[in-house]
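First the structure, in the form of structure tokens, and then the observations on it.
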Amino acid sequence: MVRTKIEIKKIDNLTARQVTFSKRRRGLFKKAQELSTLCDVDIGLIVFSATGKLFHYSNSSMEEVITRHSMHMEKGDECVEHQPSPSLQRESITYAGLAKEFTEKSRELRQLNGEDLQELGMADLVKLEKMVEGGLSRIMRKKGDILLSEISALKKKEAKLMEENAQLKQRSEIAVQGGPHSSESVTNGCCFPDKLQDHYKSSDTSLKLGLPFPD
């Protein structure tokens, strides 16, 4: 059976047009997926229906594909041989995105420090003020937690030192009041004078006074 060739023109019947759009769109997206897989290429398809509904397909990231398209449009037509590989192009796009994010974060940091405020309107300034207040509140809570932790540690250290001091004081009192070494030393000290006196009594030592011997 020979397939009849369909004339390519606008379908006047609205229902038939919508059915054809749905079938052809699915077929187009399927062919795009097969092409990207077989040939390792980046594809981005954007379709708006007659009613304005958006349909899109991309094998990687639609934003990256659009960015690459914009870069090529700015550079103009170039030879295919001079084009970088898809992987290198993706890395370049990723680097460009990171560089943009770094620039935005740096500007935001300067604004948090009170710099580069000329371009900010009232709404931006109010938003920035809330961010600063929120950051200060978190800093104060963290500071309070650290102070409470340090105070608790100092109190524990103080209690330990007081306990050690009480133990040393108790040991000192016990040694003074009646330790075995202290009583022996006290007894020996009391008996020492009597022994020394008996020793002097037993010695036959006298001193005689008289004229010197004659020459």
Side-chain angles (χ1 to χ4, degrees), residues 2-139 141-142:
V2 181
R3 292 184 59 182
T4 58
K5 187 176 182 180
I6 301 175
E7 184 181 1
I8 303 300
K9 66 176 184 178
K10 180 180 178 181
I11 301 174
D12 295 330
N13 186 279
L14 180 60
T15 303
R17 188 192 312 161
Q18 291 177 348
V19 172
T20 303
F21 171 76
S22 179
K23 291 182 179 179
R24 295 274 180 143
R25 174 178 55 81
R26 288 196 295 268
L28 178 62
F29 284 2
K30 183 179 179 180
K31 290 295 183 182
Q33 181 182 7
E34 293 175 354
L35 179 61
S36 65
T37 302
L38 293 173
C39 302
D40 190 23
V41 295
D42 291 335
I43 296 178
L45 293 177
I46 299 176
V47 180
F48 288 97
S49 67
T51 58
K53 188 175 181 180
L54 171 65
F55 299 90
H56 63 87
Y57 166 78
S58 176
N59 64 313
S60 57
S61 171
M62 180 63 71
E63 183 178 356
E64 292 182 0
V65 174
I66 294 175
T67 303
R68 287 178 58 186
H69 177 268
S70 301
M71 292 172 59
H72 281 272
M73 293 297 294
E74 292 177 358
K75 293 179 180 179
D77 296 333
E78 297 180 0
C79 298
V80 178
E81 291 79 4
H82 295 87
Q83 295 296 327
S85 62
S87 60
L88 182 60
Q89 291 179 357
R90 285 192 292 268
E91 290 179 0
S92 300
I93 295 172
T94 303
Y95 173 78
L98 291 175
K100 182 179 179 181
E101 183 179 359
F102 175 77
T103 302
E104 293 176 354
K105 294 298 182 181
S106 298
R107 182 174 64 252
E108 181 179 346
L109 181 60
R110 291 195 301 271
Q111 290 173 352
L112 289 173
N113 291 328
E115 304 173 359
D116 295 345
L117 304 179
Q118 296 82 2
E119 300 179 357
L120 298 181
M122 180 58 68
D124 295 331
L125 290 174
V126 172
K127 181 180 178 181
L128 182 62
E129 183 180 8
K130 291 182 179 180
M131 291 176 61
V132 173
E133 289 177 351
L136 288 175
S137 178
R138 290 189 293 272
I139 292 173
R141 286 198 299 269
K142 183 63 176 179

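Position 1 is the first residue of the sequence, and the numbers go up from there. Keep in mind that the numbers below use all heavy atoms, side chains included, and drop hydrogens, waters and symmetry copies.
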Which pair of heavy atoms, one from [X] and one from [Y], lies closest together, and at what distance?
{"X": "L54", "Y": "I46", "answer": "CD1-CG2, 3.6 Å"}
{"X": "I43", "Y": "N59", "answer": "N-OD1, 2.8 Å"}
{"X": "M62", "Y": "Y57", "answer": "CE-O, 3.2 Å"}
{"X": "I11", "Y": "R17", "answer": "O-NE, 2.9 Å"}
{"X": "A16", "Y": "N13", "answer": "N-OD1, 2.9 Å"}

Check: Do Q18 and L14 have side chains that get closer than 4.5 Å, going by heavy atoms?
Finding: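 Yes. Closest side-chain heavy atoms under 4.5 Å.
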
Margin query: Applying side-chain hydrogen bond (donor to acceptor under 3.5 Å, both in side chains) to S137 and R141, what does each step give before you reach the verdict?
Written below: CA-CA 6 Å; S137 178; R141 286 198 299 269; 2.9 Å; yes

About how many Å separate [atom2] of [Y] and [atom1] of [X], when rounded to the nearest 0.5 Å?
{"X": "M131", "Y": "Q111", "atom1": "CE", "atom2": "CD", "result": "9.0 Å"}
{"X": "R25", "Y": "T20", "atom1": "CZ", "atom2": "OG1", "result": "12.5 Å"}
{"X": "L45", "Y": "Q33", "atom1": "CG", "atom2": "CD", "result": "11.0 Å"}
{"X": "E34", "Y": "K31", "atom1": "CD", "atom2": "NZ", "result": "5.0 Å"}

Checklist line | side chain to side chain contact (heavy atoms under 4.5 Å, CB included) evaluation trace for K130 with V126 | finding: CA-CA 6 Å; K130 291 182 179 180; V126 172; 4.0 Å; yes

Next item on the list: Answer yes if the side chains of R26 and S22 hold a donor-acceptor pair under 3.5 Å, and no otherwise.
Entry: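 On atom types as modelled, these side chains qualify, holding a pair under 3.5 Å.
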
Next item on the list: Count the heavy atoms belonging to other residues, nucleotides or ligands that lie under 6.0 Å from CZ of R24, then report whether that count exceeds 12.
Entry: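 Count not over threshold, so no.
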
